Amino acid sequence: MTTTTHRRTDLYPTRTVSEPRPQSRQDPTVWSTATGPLDRGRLAQYDSEGYLVLENLLSPQEVEHYLAELRRLNEDETLRGTERVVREPDSDEIRSIFEAQKISAVFAELIHSPRLTDIARQVLGSDVYVHQSRVNYKPAFGGAEFDWHSDFETWHSEDGMPRPRAFSISIGLTDNHPFNGPLMVMPGSHKTFIPSVGETPADYHKESLRVHRLTVGSVDHDSLTRMADQHGIQQVTGPAGSAVMFDCNILHGSNGNITPYPRSNIFIVYNSTENALEEPFAAPRPRPQYLGNRDFTPAPR
Ligand code: 6CS
Ligand code: FE
């Protein structure tokens, strides 16, 4: 009797490799030429740079509405002890709250609104669903940095996302100044996949979401230096209500916040329903639902 061990194809091997040898992205950034909320020029810019600023996505009234909800969640004692809430590494302040669409009807309405999902369907060329959402508070007087990384490297390794057919929209609920830890990206870096060296420990997310320095899933310094030299580093700033969409594989990070001004954003990750999660490509078991959604029901149109 012959046994065939079915070994699936891993297009982006990482954490199981002995050295961080960069590879070219094997997939498009923009998956369709369909018309939609973004015109051809903006689509071309997003394809080339890997990110795009969406000015005034929210009106000042909407910003107030969502900021009030942000404050309500911050005060919600029932939430504080749950695994969805990640604290700052150096204080008891909240760093992130995950799966906002499940714990807040107010944010669920925004996260599922066609104003966002129409962009996602246009760029990803299919129906979409929410892979992950989080509110990152980056509080005043000490909100910690987020080390350089590729989201896709984590979502591929730990959530089983096959291809980079997903992107995030980060919406500023407070002003993102140059000085209070705004997102930084390396424009164009999304077209290179840089593997990380080092096996994923069990339940790694219990550590990785709140540390100053990533141990596993980090980008080695030689690769970071080469990519920064090649692509540059762009700070993404803007008033509350503005947003930025960025590809799942673009190298990004953000500095800490020692100013009196919080940098609080809501991040929403849309994945193509044709890129549904499988078993992790480099982790002992899938991460919990609130980090890697496994209900692939398409977002309503
Ligand atoms: O592990 C994750 O899914 C999260 N970690 C980072 C640093 N960015 C993406 C996501 O929020
Ligand atoms: Fe990230």
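Count residues from 1 along the sequence. Everything numeric here is computed off the predicted structure, so don't read it as measured data.
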Verdict with supporting geometry, Ser157 and Thr14, side-chain hydrogen bond (donor to acceptor under 3.5 Å, both in side chains): CA-CA 7 Å; Ser157 308; Thr14 181; 4.6 Å; no

Trace of the salt bridge (charged side-chain N to carboxylate O under 4.0 Å, His left out) decision for Asp118 with Arg121: CA-CA 5 Å; Asp118 283 348; Arg121 282 184 284 266; 2.8 Å; yes

Test log, rule side-chain hydrogen bond (donor to acceptor under 3.5 Å, both in side chains), inputs Ser170 and Asn265: CA-CA 6 Å; Ser170 165; Asn265 293 11; 3.1 Å; yes

CA sep, side-chain torsions, deciding dist, call: Asp159, Arg294, salt bridge (charged side-chain N to carboxylate O under 4.0 Å, His left out): CA-CA 9 Å; Asp159 299 334; Arg294 289 178 180 274; 5.6 Å; no

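The shortest side-chain heavy-atom distance between Asp76 and Ile103 does not fall under the 4.5 Å cut-off. Side-chain atoms of Leu183 and Asn176, non-hydrogen and from C-beta on, never get closer than 4.5 Å to each other. Using a 4.5 Å heavy-atom threshold, the side chains of Cys248 and Trp155 count as touching. When side chains are defined from C-beta on, Ile111 does not count as touching Leu116, because their heavy atoms never get closer than 4.5 Å. Residues Tyr51 and Pro187 are in side-chain contact: their nearest non-hydrogen atoms beyond the backbone lie under 4.5 Å apart. By the 4.5 Å heavy-atom criterion applied to side chains, Ile171 and Tyr66 are not counted as neighbours. Residues Asp247 and Phe152 fail the side-chain proximity criterion, which asks for heavy atoms closer than 4.5 Å. Looking only at side-chain heavy atoms (C-beta outward), Glu153 and Arg15 come within less than 4.5 Å of each other.
Residues Ile169 and Leu67 share a single hydrophobic cluster, defined by chaining ILVMFWY side chains whose heavy atoms lie under 4.5 Å apart.
Looking only at distances, no side-chain donor or acceptor of Arg115 sits under 3.5 Å from a matching main-chain atom of Leu110.
In terms of the salt bridge (Lys or Arg N to Asp or Glu O under 4.0 Å) criterion, residue partners of Glu145 (sequence neighbours excluded) are, by chain and number, Arg213. Not a single side chain to side chain donor-acceptor pair (under 3.5 Å) links Arg263 to another residue, sequence neighbours left out. Partners of His205 under the side chain to side chain contact (heavy atoms under 4.5 Å, CB included) rule, at least two apart in sequence or in another chain, are Asp203, Ser208, Leu209, Arg287, Pro288, Tyr290, Leu291. Under the ring pair (Phe, Tyr, Trp, His ring centres under 6.0 Å) criterion, His252 pairs with His149, Phe246, not counting sequence neighbours. Under the rule for a side chain to side chain contact (heavy atoms under 4.5 Å, CB included), the partners of Gln26 that lie at least two apart in sequence or sit in another chain are Leu11, Tyr12, Gln23. Scanning for ring pair (Phe, Tyr, Trp, His ring centres under 6.0 Å) contacts around Phe281 gives His156, with sequence neighbours left out.
A donor and an acceptor atom, one from each side chain of Ser59 and Gln61, are located under 3.5 Å apart.
Atom CD1 in Ile119 sits 9.0 Å away from atom OG in Ser113 (nearest 0.5 Å). Separation of atoms CD (Glu64) and CG (Leu173) is listed at 10.0 Å; rounding is to 0.5 Å.
Surrounding CG of Asp10 are more than 12 heavy atoms belonging to other residues, nucleotides or ligands, all under 6.0 Å away.
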